[in-house]
Engineer: 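One structure, pasted below without further comment.
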Amino acid sequence: MTHGIHVTGLGWSTPLGDGIEDVWQQLLAGHDGFAPLGAPFPLRNELAAAVPSVPPGPDHGARLTALAAKGLRAAFADAGLDPAEDGVALVLGTSYGAHLDEEAESLYDWAGRCAEAVAFPGAPVCVSTACSAASDALLVGAELVRSGRYRAVVCGGADILTPAKRLAHSMLGTMTGERLRAFDTGHSGMLLGEGAGFLVLEPDAARAGRSYAVLRGVGASNDAVGLTAPAADGRTVRTAVERALADSGLGAADIAAVSAHGTGTVLNDEAEARGLAMVFGEQPDAPVVFGTKGALGHSLGACGAVEAITLVLALRDRTAPPVAGLRTPIGEAAGLVRPGRRTVHGTAGVSLTLGFGGFNTALVFTVDGGTS
């Protein structure tokens with residue numbers, strides 16, 4: 001089990017800003033970071049959620065490095081951790097969309113440049129499992145901590161908007177022509193965003209003098225049914241969540257909140273809702289299910305870490321932000337999602353991601369007062 005893995009630092013850069021508390025308050029207030037973003041070709045939707053603090057430029061690989069480095073520095077600083085200290089590991093996740101737009105360096109070289117940018121002297125680990133990349137970076141980070149080899153692991157992900165990535169999702173039909181409305185009967189697709197999110201994991205919170213939360217369990221599964229669409233019955237979603245719960249030592253009844261993948265595509269929403277209903281649908285007090293892609297966009301390889309941070313904050317404040325665009329929940333999500341800001345009655349939660357290629361990853365967190 002991953003008992004005792006403390007989250008001692010947080011850092012992110014999002015379309016709503018870079019400050020943890022400022023962005024969180026904007027999410028709770030129902031704000032979003034979407035704006036029209038021009039393109040050299042017709043798109044199904046020109047709305048996208050860009051990070052304003054990292055200016056756009058012609059070199060997409062360099063911009064991805066800058067975005068990742070910004071989030072990493074924030075996480076290191078928040079934990080009061082020196083990147084050059086012994087016993088520290090670095091795990092980076094990304095889908096690395098720059099490969100679609102330009103002749104780009106290898107993932108290994110990109111991770112190395114991120115490490116150099118924050119003065120990390122070691123060899124970083126890079127994870128690229130599509131939309132689950134940042135969650136899988138956290139999963140790998142948890143394993144490194146509990147191996148006893150490292151006393152701190154900084155892990156998460158970064159991803160950027162690029163013209164080719166926007167064109168690809170427009171042509172795939174995964175992009176909506178309207179607004180992203182996850183789990184709503186009017187859902188018709190996703191909108192792209194970008195961002196970076198990183199968490200510092202340690203076996204002991206004493207060094208930092210603070211623990212935001214405890215990463216209690218991790219679990220994963222793979223659909224193995226196709227390159228893009230998830231398994232429609234939701235059973236592999238259930239498998240990932242149940243594996244994370246088993247690893248945590250908690251049960252479905254202990255979970256008070258779920259930070260869902262919630263892309264707004266019909267196939268993803270239905271499969272995810274079915275999987276969650278299999279795990280939590282029979283509970284007398286179902287967890288609050290929320291999602292933030294309607295506010296921040298789908299940041300692909302970064303979303304798992306960004307959404308893990310939102311789960312930690314929701315558990316801390318006992319409040320979940322509204323699901324943007326949600327008016328009438330789809331039948332599969334009945335009893336799990338509801339419009340508006342909601343109260344969280346408990347201290348344990350699950351962060352869930354579903355990636356292209358069938359990658360499903362679940363992370364269980366608890367805050368002070370959680371089941372031990």
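Numbering starts at 1 and runs along the sequence shown.
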Engineer: Can you confirm whether Val154 sits close enough to Val118 that some side-chain heavy atom of one is under 4.5 Å from a side-chain heavy atom of the other?
Structural biologist: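 The answer is no; the side chains never approach within 4.5 Å.
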
Engineer: Answer whether the closest heavy-atom distance between the side chains of Pro321 and Arg342 falls below 4.5 Å.
Structural biologist: no

Engineer: Atom CG of Leu250 and atom CZ of Phe365: how far apart are they, to the nearest 0.5 Å?
Structural biologist: 12.5 Å

Engineer: Is the backbone of Val88 close enough, under 3.5 Å, to the side chain of Arg151 for a donor and an acceptor to pair up by distance?
Structural biologist: no

Engineer: For the backbone of Ala220 and the side chain of Arg243, can you confirm whether one donor and one acceptor N or O come within less than 3.5 Å of each other?
Structural biologist: yes

Engineer: A quick test of your reading: do over 12 heavy atoms of other residues, nucleotides or ligands sit less than 6.0 Å from CG of Asp285?
Structural biologist: no

Engineer: Does the side chain to side chain contact (heavy atoms under 4.5 Å, CB included) test come out yes or no for Arg113 and Glu105, once each step is laid out?
Structural biologist: CA-CA 10 Å; Arg113 284 208 296 135; Glu105 62 198 340; 2.7 Å; yes

Engineer: Under a 3.5 Å distance rule, please check whether Thr94 uses its side chain to pair with a backbone N or O of Asp159 as donor and acceptor.
Structural biologist: no

Engineer: Any side-chain donor-acceptor pair under 3.5 Å between Ser132 and Thr353?
Structural biologist: yes

Engineer: Do Val258 and Val237 share a hydrophobic cluster (ILVMFWY, side-chain heavy atoms under 4.5 Å, transitive)?
Structural biologist: yes

Engineer: Quick one: does Asp59's side chain have a donor or acceptor within less than 3.5 Å of a partner on Ala62's backbone?
Structural biologist: yes

Engineer: Within the 4.5 Å heavy-atom criterion, are Trp12 and Asp18 side-chain neighbours or not?
Structural biologist: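 When only atoms from C-beta onward are counted, Asp18 and Trp12 do not touch, as no gap falls below 4.5 Å.
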
Engineer: Any side-chain heavy-atom pair from Val364 and Val218 closer than 4.5 angstrom?
Structural biologist: no

Engineer: Starting at CZ of Arg73, measure out to CZ of Phe198 and round the result to the nearest 0.5 Å.
Structural biologist: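 The CZ atom of Arg73 sits 11.0 Å away from the CZ atom of Phe198.
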
Engineer: Take Thr319 and Thr343, measure what side chain to side chain contact (heavy atoms under 4.5 Å, CB included) needs, and give me the verdict at the end.
Structural biologist: CA-CA 5 Å; Thr319 304; Thr343 300; 5.6 Å; no

Engineer: Does the side chain of Phe76 reach to within under 4.5 Å of the side chain of Asp82, using non-hydrogen atoms?
Structural biologist: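 No, every pair of side-chain atoms sits at 4.5 Å or beyond.
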
Engineer: Between Leu336 and Leu276, what is the shortest heavy-atom contact and its length?
Structural biologist: CD1-CB, 3.9 Å

Engineer: Out of curiosity, does Val125 fall in the hydrophobic cluster containing Leu138 (side-chain heavy atoms, cut-off under 4.5 Å, transitive links)?
Structural biologist: yes

Engineer: Consider only side-chain N and O atoms of Ser221 and Thr239, and report whether a donor and an acceptor are under 3.5 Å apart.
Structural biologist: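 Distance-only check fails for Ser221 and Thr239.
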
Engineer: Hydrophobic cluster membership, with links at side-chain heavy-atom distances under 4.5 Å among I/L/V/M/F/W/Y: are Leu27 and Val344 in one?
Structural biologist: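 Result: yes, single cluster for both.
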
Engineer: With rounding to the nearest 0.5 Å, note down the distance linking OG1 in Thr265 to CG in Leu354.
Structural biologist: 9.5 Å

Engineer: Nearest 0.5 Å, please: how far is CG in Asp233 from CD in Glu270?
Structural biologist: 12.5 Å

Engineer: Taking the basic N atoms (NZ, or NE/NH1/NH2) and the acidic carboxylate oxygens, is any pair closer than 4.0 Å for Lys293 and Glu272?
Structural biologist: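 Not counted as a salt bridge, because no side-chain N and carboxylate O are separated by less than 4.0 Å.
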
Engineer: Could you walk me through whether Ile5 and Val145 pass the side chain to side chain contact (heavy atoms under 4.5 Å, CB included) test, one step at a time?
Structural biologist: CA-CA 7 Å; Ile5 298 183; Val145 170; 4.0 Å; yes

Engineer: Using distance alone, with no hydrogens and no angle criterion, decide if Asp78 and Tyr212 have a side-chain donor and acceptor under 3.5 Å apart.
Structural biologist: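 Their side chains do contain a donor-acceptor pair, which is all the 3.5 Å distance test asks for.
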
Engineer: If you define the side chain from C-beta out and look only at heavy atoms, does anything of Arg318 sit under 4.5 Å from Val367?
Structural biologist: yes

Engineer: Thinking salt bridges, do Asp184 and Arg179 make one under a 4.0 Å N-O criterion?
Structural biologist: no

Engineer: Out of curiosity, Leu92 CG to Leu72 CG, how far, rounded to the nearest 0.5 Å?
Structural biologist: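 One finds 6.0 Å between CG of Leu92 and CG of Leu72.
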
Engineer: Is it true that His261 and His298 have ring centroids separated by less than 6.0 Å?
Structural biologist: yes

Engineer: Looking at every non-hydrogen atom in both residues, tell me the closest pair between Gly11 and Ile309 and how far apart they are.
Structural biologist: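 In this case the closest contact between Gly11 and Ile309 is O-CD1, 3.8 Å.
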
Engineer: Where do Ser188 and Glu178 come nearest, in terms of heavy atoms and distance?
Structural biologist: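 Minimum heavy-atom separation between Ser188 and Glu178: OG-OE1, 3.6 Å.
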
Engineer: Might you point out which heavy atoms bring Ser13 and Gly71 nearest each other, and give the distance in Å?
Structural biologist: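 It is OG-N, 4.5 Å.
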
Engineer: Kindly say whether Leu245 contributes a backbone atom to a donor-acceptor pair with the side chain of Ser248 at under 3.5 angstrom?
Structural biologist: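 Here the side-chain-to-backbone pair exists.
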
Engineer: Quick one: does any side-chain atom of Ser211 pair with a main-chain N or O of Ala205 as donor and acceptor, under 3.5 Å?
Structural biologist: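 Not confirmed, Ser211 side chain does not pair with Ala205 backbone.
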
Engineer: Is a side-chain donor or acceptor of Arg274 paired with a backbone partner of Glu332 at a separation under 3.5 angstrom?
Structural biologist: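 Not confirmed, Arg274 side chain does not pair with Glu332 backbone.
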
Engineer: Where the side chain of Thr292 meets the backbone of Ala295, is there a donor-acceptor pair that is under 3.5 Å apart?
Structural biologist: no

Engineer: Please report the closest heavy-atom contact between Ala305 and Leu199, naming both atoms and the distance.
Structural biologist: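 Taking every non-hydrogen atom into account, O-CD1, 4.0 Å.
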
Engineer: Taking it one step at a time, do Leu201 and Leu215 satisfy side chain to side chain contact (heavy atoms under 4.5 Å, CB included)?
Structural biologist: CA-CA 8 Å; Leu201 306 181; Leu215 177 53; 4.0 Å; yes

Engineer: Given side chains that start at C-beta, do those of Tyr150 and Leu90 come closer than 4.5 Å, heavy atoms only?
Structural biologist: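 No, side chains not in contact.
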
Engineer: Between Glu194 and Lys165, does at least one N-O distance fall below 4.0 Å, as a salt bridge requires?
Structural biologist: no

Engineer: Using only heavy-atom distances, determine whether the side chains of Glu202 and Thr8 contain a donor-acceptor pair under 3.5 Å.
Structural biologist: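 The criterion, which ignores hydrogens and geometry beyond distance, is satisfied for Thr8 and Glu202.
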
Engineer: Could you check whether atom CZ of Arg149 has more than 12 heavy atoms from other residues, nucleotides or ligands sitting under 6.0 Å from it?
Structural biologist: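 No, because the 6.0 Å sphere around CZ of Arg149 holds 12 heavy atoms or fewer from other groups.
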
Engineer: Using only heavy-atom distances, determine whether the side chains of Asp223 and Asn360 contain a donor-acceptor pair under 3.5 Å.
Structural biologist: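 Per modelled atom types, Asp223 and Asn360 side chains form a pair under 3.5 Å.
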
Engineer: Provide the closest heavy-atom pair for Ala111 versus Cys126 in the form atom of the first, atom of the second, distance.
Structural biologist: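 Minimum heavy-atom separation between Ala111 and Cys126: CB-CB, 4.0 Å.
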
Engineer: Would a distance-only check, ignoring hydrogens and angles, find a side-chain to backbone donor-acceptor pair under 3.5 Å from Arg44 to Ser170?
Structural biologist: no

Engineer: Distance-only, no hydrogens or angles: does the Arg181 side chain make a donor-acceptor pair with backbone N or O of Gly325 under 3.5 Å?
Structural biologist: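 Present.
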
Engineer: Would Leu10 end up clustered with Leu16 when hydrophobic side chains under 4.5 Å apart are linked, directly or stepwise?
Structural biologist: yes

Engineer: Which distance, rounded to the nearest 0.5 Å, do you find between the CG of Leu47 and the CG of Leu37?
Structural biologist: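 The distance works out to 9.5 Å.
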
Engineer: Is the shortest side-chain heavy-atom distance between Leu352 and Val241 below 4.5 Å?
Structural biologist: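 They are in contact (side-chain heavy atoms under 4.5 Å apart), so the answer is yes.
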
Engineer: Consider only side-chain heavy atoms of I, L, V, M, F, W and Y, link residues closer than 4.5 Å, and tell whether Val51 and Leu161 are in one cluster.
Structural biologist: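 Val51 and Leu161: separate clusters.
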
